Amino acid sequence: MEPKKLISGLFLLSALFSAAQNRIVVNTDLGKEKISKHIYGHFSEHLGRCIYGGYWVGEDSKIPNTNGIRNDVVDALVDIGIPNLRWPGGCFADEYHWMDGIGPRDQRPTMINTHWGGVTEDNSFGTHEFLELCRQLDAEPVINGNMGSGTVQEMSQWVEYLNSDNISPMTDLRKVNGRDQAWGVTYWNLGNENWGCGGNMTAEYYANEMRRYSTFTKNYGDNRLYKIACGPNGDDYHWMETVMKNGNPGRSFQGISLHYYTVAHNWSKKGSATDFDESDYFLTMSKTLYMDELLRKHINIMDRYDPQNRVGLLVDEWGNWHDVEPGTNPGFLYQQNTLRDAMVAAVNLDLFNKYARRVKMANIAQTVNVLQAMILTKDDQIVKTPSYYVFKMYKAHHEGTMLPTDVVTENYEYNNDRIPAISSSASRSADGKIYLTISNLNPNKPITVTCELRGKQKAAFARGEIVTAEKINAFNDFGKQEEVTLKNFNDVKVSGNQLTVSLPSKSIVMLELN
Ligand code: AHR
């Protein structure tokens with residue numbers, strides 16, 4: 001062959017190869033598992049300015065509020081379809097005594113929040129205020145009981161106070177405090193991080209204690225508690241194994257938690273939320289992708305002890321944990337939120353969708369003003385973070401049927417290391433629409449992806465949305481125009497049942513297909 005023809009042949013081959021290289025096959029006929037909307041859940045602790053200032057401003061505040069809860073924050077969270085809210089902690093939960101947070105506010109005792117800045121907690125936000133917040137949000141409450149410093153009686157009475165309509169001292173007390181009807185709370189955590197701040201217990205000791213606490217947290221009326229055992233810290237497979245083996249799964253508990261935070265460097269120097277370079281970005285993405293291995297291995301253990309899949313895995317704390325913003329209280333965990341955080345949110349949500357068979361809830365930490373927040377507040381202003389817009393976009397997957405995907409992706413390489421450049425997940429809604437989310441993790445290079453809707457003759461593209469920005473460390477700030485927001489996306493070509501999607505670098509895209 002003439003050299004000229006050979007070279008053009010090679011170009012053609014390489015063009016064909018690169019077109020075929022990034023490919024997502026959506027198996028439209030293989031969907032079995034429902035993606036619980038609770039995967040898109042949230043977590044709010046008595047920590048820094050999450051509860052106080054974040055939600056609670058009190059009835060007399062100049063900030064527009066309903067029953068003391070700020071309207072702007074509620075409106076924003078309703079808009080992303082917040083399905084549940086976990087409270088009051090976190091580490092705080094295991095030093096919280098619920099009876100201090102009921103009754104007339106000016107008579108409630110104070111306490112020291114020893115975990116978070118040593119500040120005085122005045123208990124003005126307690127059980128009634130939290131359930132009022134959930135009512136305004138139309139979100140399921142997830143309450144974390146105190147197994148660390150509380151008693152079985154205290155936990156048992158809290159459940160009775162919340163859920164019983166019988167004539168009883170706890171029911172009477174609730175009525176005296178202004179609430180006639182039981183709330184019917186379903187989700188109940190039996191302790192938090194009891195391997196650490198929740199009592200430094202061994203897995204063996206915790207499993208026994210948890211069974212005891214569970215015995216005395218009763219069902220009232222038609223309400224059935226969904227009890228969540230404290231699960232492992234990251235890759236502590238021994239903890240998972242022991243609680244699944246000794247903890248009476250399916251009876252003493254219906255769900256088990258997993259906590260894993262993405263920390264770019266190490267716990268003593270985590271790295272700045274906004275001032276980072278590509279090596280920090282690459283590290284963050286690699287560490288967040290570790291969630292895949294954690295889920296797979298923990299689920300393998302659960303499958304051995306619970307082959308009937310009765311027990312859910314609840315990733316009830318996850319997200320990016322950076323250094324606090326300079327000049328802020330180190331105990332308040334206040335951090336900004338950039339496009340990098342949005343990428344982390346998308347990758348994790350895709351993984352939770354992928355493991356929807358077991359993952360029944362997940363709660364990003366921590367909604368307002370703390371860690372990877374959806375919303376930041378400053379006096380009467382709020383900022384919606386890039387992570388917020390990912391949750392808004394992924395609302396499309398709530399309660400959909402998970403459609404398994406086969407992904408062939410090029411790598412994103414940095415410094416002789418590599419991670420997959422594409423993350424994605426797909427679902428079908430009750431009305432038959434297909435939603436496909438795809439992220440390009442590479443901050444330097446646009447990527448073209450061919451998507452095949454296997455099992456369908458034709459694809460029709462209805463609409464698309466995108467989250468991206470010029471810079472990977474772009475963020476939204478008070479009093480400025482948003483740098484990262486949700487925009488329309490149309491860079492899609494359809495041919496038969498195939499779509500060719502052009503993803504800009506560092507972008508997250510959602511496609512609605514018919
Ligand atoms: O979210 C902050 C803290 O992280 C929580 O209180 C604790 O459960 C975890 O260690």
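Just so you know, these numbers use all the heavy atoms, side chains as well, and skip hydrogens, waters and symmetry mates. Numbering of ligands and ligand atoms starts at 1, following listing order. Only a predicted model underlies this, so the values are computations on that prediction, with no experimental measurement involved.
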Regarding Arg108 and Glu129, does a basic nitrogen lie under 4.0 Å from an acidic carboxylate oxygen? yes

Is the distance between the ring centroids of Phe391 and His42 under 6.0 Å? yes

Contact residues of ligand 1 with a heavy-atom cut-off of under 4.0 Å? Phe43, Glu45, Gly90, Cys91, Trp116, Asn192, Glu193, Tyr261, Glu317, Trp321, Gln366, Leu371

Charged N to carboxylate O under 4.0 angstrom, Glu59 versus Arg105? yes

Can you confirm whether or not the ring centre of Trp87 sits under 6.0 Å from the ring centre of Tyr96? yes

In a check of side chain to side chain contact (heavy atoms under 4.5 Å, CB included) between Ile143 and each of Trp183, Tyr187, Trp158, which one passes? Trp158

Is a salt bridge present between Arg86 and Glu317, judged by a nitrogen-to-oxygen distance below 4.0 Å? yes

